[in-house]
> 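Below you will find the structure I want to go over with you.
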Amino acid sequence: MQMPTPIRAPTWVSRRRHFEQKLWDLDKCKDINQLKQMQTLVYKSHLQQDPFIAPKLISAFSNCRQIGSALKVFEQAGESNSNVRLYNALIRAYVCNFQALKGFETFLNMQCAGIFPDNFTFSFLLKGCSGKCCLSLVSMIHTHVVKWGFEDDIYVPNSLIDAYSKCGVVGVRAAGKLFRGMKERDVVSWNSMVGALLKAGDLSEARKVFDEMPERDRVSWNTMLDGYTKAEQMSVAFELFKNMPQRDVVSWSTMVSGYCKAGDLEMARMLFDKMPSKNLISWTIMISGYAEKGLVNEAIELYVQMEETGLRLDVAAFVSILAACAESGMLSLGKRVHDTVERSMYKCNTLVCNALIDMYAKCGSLHKAYKVFNGLKKRDLVSWNAMIHGLGMHGRGKKALELFFKMKQEGFVPDKVTLVGILCACNHTGLVDEGIIYFYSMEKDYGVIPEVEHYGCLIDLLGRGGYVREAFELARKMPLEPNVKIWGSLLGACRMHKAVELADDVRDLLVKLEPKNAGKLSALSNIYASAGDWDNVANIRLMMKSIGRPKQSGASLLQLNDEYREFTVMDKSHVKSDKIYQMVDGLGQHLKLLSPVPASHCDE
DNA sequence: CTAGGGTTAG
């Protein structure tokens with residue numbers, strides 16, 4: 001009689017099962033050490049040329065940001081393996097790791113190798129175009145799409161619409177043409193088209209398309225909602241919000257963000273408190289909203305509350321809140337955030353550290369900024385720019401220039417932001433000659449064509465250095481339209497050097513500005529008025545008169561969140577006039593404290 | 001026995 005053997009597979013079988021299971025989930029592996037172990041196993045089992053395993057390995061390495069290893073896997077997969085998936089995986093790896101160019105190169109190599117692209121290839125390639133404004137590239141890919149016959153695979157034209165939408169107004173037109181020509185459209189096609197029109201700022205056309213949609217999902221409503229909030233049409237946005245068939249956390253967050261940007265922090269907070277569920281993004285929006293507007297107590301209180309919920313901040317949350325602190329000079333919250341960064345996994349993250357450097361620099365805490373900068377292992381151009389600009393704007397021009405040389409020594413190529421920092425540094429340190437030299441050689445030396453900011457720095461520099469006439473001359477001759485800051489610095493220079501004989505130049509410049517920027521002079525006059533700087537108020541009124549602007553009795557335009565509102569003296573018509581007067585008063589105090597002479601206008 | 005792609009808030 002035979003005993004039944006226990007049903008138990010030999011060990012090697014179960015091991016193999018286990019191994020296979022792991023192979024199937026290879027691309028979901030997030031741990032780099034585990035992944036390397038898996039790779040060893042794959043190679044030992046001679047599976048590195050397997051048409052399914054190899055692409056998975058590439059994806060896995062790509063997800064772990066190990067693009068070098070991904071490439072190695074690709075190369076070792078062998079040419080015998082003429083596999084679209086392999087190429088697709090490599091293209092995606094490049095594109096997802098910010099090497100879009102290499103992705104396109106791979107696409108070309110693939111065709112040279114005689115391998116036909118498929119629908120996935122194009123989706124990946126198009127993703128590589130995002131963030132860049134490269135219409136010619138997108139339309140080139142479009143041509144390939146048509147050539148290979150993938151224009152009816154719904155994913156591909158949808159990706160195309162999205163890619164086109166990031167190429168400015170012309171791109172959006174191309175997107176519209178493609179959209180109208182599509183055989184069938186799904187809800188994503190419609191949503192992408194609405195999003196494209198909104199990106200181009202065409203709110204009414206977007207709404208038209210939105211109304212035409214055969215079916216709308218959450219994304220459709222949220223996209224349209226965001227369009228209205230970005231345009232600061234909060235009442236329309238609220239109407240839409242009320243009428244939405246369903247509201248998710250994105251809808252609520254969009255509204256909170258919209259009210260924050262519109263400056264209505266109370267309404268924002270009310271909605272924030274009413275949200276049925278909050279996530280990291282919602283908290284980030286509300287805290288940044290408070291921080292940006294300088295509401296210290298509210299911002300800190302909410303930040304502490306968020307930490308108490310146990311939410312872990314990610315890179316975007318850190319960067320957003322720190323940027324808001326930088327904007328309003330909110331050092332107290334900035335420091336708190338820094339504490340959190342130190343305890344997080346992002347204390348060596350370049351993006352986060354750059355935000356810290358910028359925050360400390362803008363808050364005037366140069367020592368701390370420098371400490372973060374020095375401790376940063378992987379500095380990029382932004383790190384250098386933030387530090388140089390920070391030093392420069394606080395009168396440490398020599399140190400800024402030193403850093404500039406060091407940065408070049410280390411092989412970084414200065415960009416336009418660097419040069420603003422350098423000119424700013426020269427300006428705030430009285431290095432007039434150096435500033436002039438840098439300005440006039442920046443195109444030759446660094447290939448940077450001067451923009452308004454650069455002109456602004458130089459004009460400020462000239463004016464402060466006593467070359468008032470030259471400053472005016474430059475403002476008049478510059479190929480770009482002078483902005484309010486340039487105006488301010490010219491006025492400052494006039495006052496500083498008692499140059500009243502420049503009326504003609506002033507008029508010339510005003511002609512250049514008018515009539516498009518009618519409100520700006522008044523806005524400026526208002527700022528000086530709040531600062532109690534009556535000399536400049538008188539100056540501006542004189543200028544306004546000199547170009548025959550009709551005198552408006554005591555009315556002035558005050559810029560509030562990019563919108564000009566008209567006020568007359570002691571106007572109480574506006575619902576929030578109390579708040580506004582308070583704010584203007586506060587602004588005046590600030591200006592008095594900060595600038596005996598009108599502040600430099602090349603910062604920011 | 002297989003994977004992989006497109007749209008919304010910071």
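Just so it is clear, the values below take in all heavy atoms, side chains as well, and ignore hydrogens, waters and symmetry mates.
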> What nucleic acid atoms does Leu280(A) come within less than 4.0 Å of, heavy atoms only: base, sugar-phosphate, or nothing?
base
> Using whole Å, what does the distance between atom C1' of nucleotide dT8(B) and atom CD1 of Ile281(A) come to?
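Value for this atom pair: 10 Å.
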> Between atom CE in Met244(A) and atom C1' in dT8(B), what is the gap in whole Å?
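Checked: the CE to C1' distance equals 9 Å.
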> Would you kindly check whether a donor in the side chain of Asp314(A) faces an acceptor in the base of dG10(B), or vice versa, at under 3.5 angstrom?
yes
> Is a donor-acceptor pair below 3.5 Å formed from side chain Thr254(A) to base dA9(B), judging by atom type as modelled?
no
> Identify whether NZ of Lys or CZ of Arg in Arg216(A) sits under 6.0 Å from the centre of the six-membered ring of Trp190(A) and within 45° of that ring's axis.
no
> Considering non-hydrogen atoms only, spot the tightest contact between Leu126(A) and Ser159(A) and give its length.
CD1-CB, 3.6 Å
> Please pick, from dT2(B), dT8(B), dG10(B), the nucleotide with the shortest atom-to-atom distance to any side-chain atom of Thr223(A).
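Nucleotide nearest to Thr223(A)'s side chain: dT8(B).
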> Over how many whole Å does the gap from Phe150(A) atom CZ to dG5(B) atom C1' extend?
12 Å
> How far does CH2 of Trp283(A) sit from CG of Leu302(A), to the nearest 0.5 angstrom?
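Trp283(A) CH2 to Leu302(A) CG: 5.0 Å, rounded to 0.5 Å.
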> Which nucleotide wins on minimum distance to the side chain of Phe120(A), given the candidates dT7(B), dA9(B), dG4(B)?
dG4(B)
> Mind checking if Ser320(A) touches a base, just sugar-phosphate, or nothing, with heavy atoms under 4.0 Å?
sugar-phosphate
> At 4.0 Å (heavy atoms only), tell me whether Asn63(A) reaches a base, stays on the sugar-phosphate, or touches nothing.
nothing
> Could you give the CD1-to-C1' distance, from Ile285(A) to dG10(B), as a whole number of Å?
5 Å
> Need one value for Phe124(A): base, sugar-phosphate or nothing, where a base atom within 4.0 Å counts as base even if backbone is also close, heavy atoms only.
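Counting heavy atoms under 4.0 Å across all strands, the contact made by Phe124(A) is with sugar-phosphate only.
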> Between P on dG5(B) and CG on Asp118(A), what's the gap in Å once rounded to a whole number?
12 Å
> Hey, what do you get for CG (Asp380(A)) to CG (Asn354(A)), rounding to the nearest 0.5 Å?
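CG of Asn354(A) is found 4.5 Å from CG of Asp380(A).
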> Write down the distance between OH (Tyr94(A)) and C1' (dG5(B)), rounded to a whole number of angstrom.
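The distance from OH of Tyr94(A) to C1' of dG5(B) comes to 20 Å, rounded to the nearest Å.
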> Are the side chain of Thr350(A) and the backbone of Lys378(A) linked by a donor-acceptor contact shorter than 3.5 Å?
yes
> Expressed as a whole number of angstroms, how long is the span from Leu302(A):CG to dG10(B):P?
17 Å
> Considering only side-chain heavy atoms of Val219(A), which listed nucleotide, dT8(B), dG5(B), dA9(B), is closest?
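The answer is dT8(B).
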> Checking all strands, does Asp162(A) fall into the base, sugar-phosphate, or nothing category for heavy-atom contacts under 4.0 angstrom?
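The residue Asp162(A) makes sugar-phosphate contact but no base contact.
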> With a cut-off of less than 4.0 Å, is there a side-chain N or O of Lys230(A) near OP1 or OP2 of dG10(B)?
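Answer is yes, contact under 4.0 Å.
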> Can you say whether a donor on the side chain of Asn279(A) sits under 3.5 Å from an acceptor on the base of dA9(B), or the other way round?
yes
> Rounded off to whole Å, could you give me the CH2-to-C1' distance for the Trp252(A) and dG10(B) pair?
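Checked: the CH2 to C1' distance equals 18 Å.
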